[in-house]
Structures are given as structure tokens and as C-alpha cells.
A.B. asks: 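Sharing a structure below in C-alpha cells format, with a few things to ask.
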Amino acid sequence: MGDPASGPLRSSRTTGNTPYSVIGVDFAGPIRYRASKKVEKTAYLVVFACSLTRGVHLELLESLETEEFLQSFKRFIARRGRPSVVYSDNGATFKAAVTWLRKVRKEEKFHEALCNLRLFGD
């Protein structure tokens, strides 16, 4: 008997023209490691997965703090480009990141509108 057929996926998850334009993001861990003979620390792996190519971008983080994730996300964008769609679970880190990103987007639109106004003579 074969594997069951998978359900239909949204077209945004299966079509596209550039790698990492549609991604999924998640955390793996905790990963325990020995920092010295007597000190054990914890790290987390953030996984950015491309829906089109199945490529994976990995980063090791010291915590699940929103600020640390946002720094990782900025590094991802600098290397792979800004994704148009990001899928994630409803983890607290991701929810806080969405709130921050929405605020920044509003500020970007505000600054863009100010730049487009000709407040000063040419």
C-alpha cells in the first residue's frame, strides 16, 4: 500500500520565480553545549526554509528572545533577500516579531510619504 496523497497546497507555497521569496521559519532546540569544563549553555537553531527550492538557511542563536530573532532575520534578508511571504507557527517570538515588523512597515510608509513630499524648494 502506497503513501496517502498529500492535500492541496496554496499556490504561493509551490510556485514562484526567486528562491527564498516564500519561506517558512521555525526554531529547533534547545541544543545544550559545554562552554567550558564546568559551564553548560543552551542554544537554539532558527531554520529558514525556502518553499520553492527547499533550500535551508540555518542560524544558531543564544536564546528565543524576539530581539535576537529579529537580528537573525535581518541577517537572513541581507544574504537571501526580503521574502514576500513568511510562514511560521504562532510561537511567542514570532508573534512579537510580527508586531515589530508591522510597526516598522508603517514607519517606512510614513518616511516614504515624507520623502515624496516636496517640503523644500529644489
Side-chain angles (χ1 to χ4, degrees):
M1 189 160 205
D3 293 330
S6 57
L9 294 174
R10 294 182 188 172
S11 63
S12 66
R13 288 185 169 216
T14 58
T15 60
N17 52 10
T18 59
Y20 294 99
S21 63
V22 178
I23 65 168
V25 61
D26 206 353
F27 281 108
I31 301 166
R32 300 198 192 295
Y33 67 96
R34 194 168 299 280
S36 67
K37 285 186 177 183
K38 295 183 180 182
V39 178
E40 186 177 275
K41 291 191 173 184
T42 303
Y44 298 88
L45 192 64
V46 62
V47 181
F48 298 96
C50 175
S51 294
L52 178 63
T53 65
R54 301 293 184 236
V56 177
H57 178 98
L58 305 172
E59 282 210 31
L60 198 58
L61 305 181
E62 291 183 8
S63 73
L64 295 174
E65 295 292 322
T66 303
E67 183 60 34
E68 190 161 358
F69 168 72
L70 289 171
Q71 292 300 319
S72 172
F73 191 53
K74 288 177 185 179
R75 288 188 297 271
F76 169 82
I77 290 171
R79 183 167 183 117
R80 307 288 184 187
R82 181 185 277 181
S84 57
V85 179
V86 178
Y87 291 99
S88 72
D89 61 8
N90 285 324
T93 300
F94 299 130
K95 285 182 178 181
V98 165
T99 301
W100 183 84
L101 289 168
R102 284 185 179 142
K103 179 181 174 190
V104 168
R105 190 168 70 195
K106 285 180 186 176
E107 289 175 4
E108 282 180 357
K109 287 180 181 179
F110 175 72
H111 290 291
E112 185 178 313
L114 286 177
C115 287
N116 289 334
L117 290 176
R118 297 193 178 203
L119 299 176
F120 304 101
D122 291 333

A.B. asks: Mind checking what makes side chain to side chain donor-acceptor pair (under 3.5 Å) contact with Arg34, not counting sequence neighbours?
C.D. replies: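 For Arg34, no residue satisfies side chain to side chain donor-acceptor pair (under 3.5 Å) once neighbours in sequence are set aside.
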A.B. asks: Is it true that atom CZ of Arg79 has more than 12 heavy atoms of other residues, nucleotides or ligands lying nearer than 6.0 Å?
C.D. replies: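 12 or below, so no.
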A.B. asks: Heavy-atom distance under 4.5 Å between the side chains of Phe48 and Val86, does that happen here?
C.D. replies: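 With C-beta onward as the side chain, the pair stays apart.
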A.B. asks: Once you round to the nearest 0.5 Å, how far does CZ of Arg80 lie from OG of Ser21?
C.D. replies: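 So the gap between those two atoms works out to 13.0 Å.
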A.B. asks: Take atom CD in Glu65; do more than 12 heavy atoms of anything else shown fall under 6.0 Å from it?
C.D. replies: no
A.B. asks: Looking at Pro83 and Phe73, what are the two nearest heavy atoms and their distance?
C.D. replies: CG-CZ, 4.1 Å
A.B. asks: Which word best sums up how the rings of Phe76 and His57 line up, parallel for under 30°, tilted for 30 to 60°, or perpendicular for over 60°?
C.D. replies: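 Phe76 vs His57 ring planes: perpendicular.
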A.B. asks: Closer than 3.5 angstrom, by distance alone: can the side chain of Tyr20 be matched with the main-chain N or O of Ala49 as a donor-acceptor pair?
C.D. replies: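 No.
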A.B. asks: Would a hydrophobic clustering, with Ile, Leu, Val, Met, Phe, Trp and Tyr connected at side-chain separations under 4.5 Å, put Val47 with Ile23?
C.D. replies: no
A.B. asks: To check you understand the geometry: which heavy-atom pair defines the closest contact between Leu52 and Thr18, and what is its length?
C.D. replies: CD2-O, 3.9 Å
A.B. asks: Mind checking the CD-CG spacing from Glu68 to Leu70? Nearest 0.5 Å is all I need.
C.D. replies: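 Between atom CD of Glu68 and atom CG of Leu70 there are 10.5 Å.
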A.B. asks: According to a hydrophobic-cluster definition based on side-chain heavy atoms being under 4.5 Å apart (Ile, Leu, Val, Met, Phe, Trp, Tyr only), do Leu60 and Val56 belong together?
C.D. replies: yes
A.B. asks: Quick one: pull up CG in Leu64 and OG1 in Thr42 and give me the separation to the nearest 0.5 Å.
C.D. replies: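 Answer rounded to 0.5 Å: 10.0 Å.
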A.B. asks: Above 12 or not: heavy atoms from other molecules or residues under 6.0 Å from CD of Glu40?
C.D. replies: yes
A.B. asks: Measuring from atom CZ of Phe27 to atom OG of Ser63, what distance do you get when rounded to the nearest 0.5 angstrom?
C.D. replies: 8.0 Å
A.B. asks: How close do Leu61 and Phe69 get, counting heavy atoms only, and between which atoms?
C.D. replies: CD1-CA, 4.2 Å
A.B. asks: Answer yes or no: is there a side-chain heavy-atom contact under 4.5 Å between Ser84 and Val22?
C.D. replies: yes
A.B. asks: Hey, what do you get for OG (Ser72) to OH (Tyr44), rounding to the nearest 0.5 Å?
C.D. replies: 15.0 Å
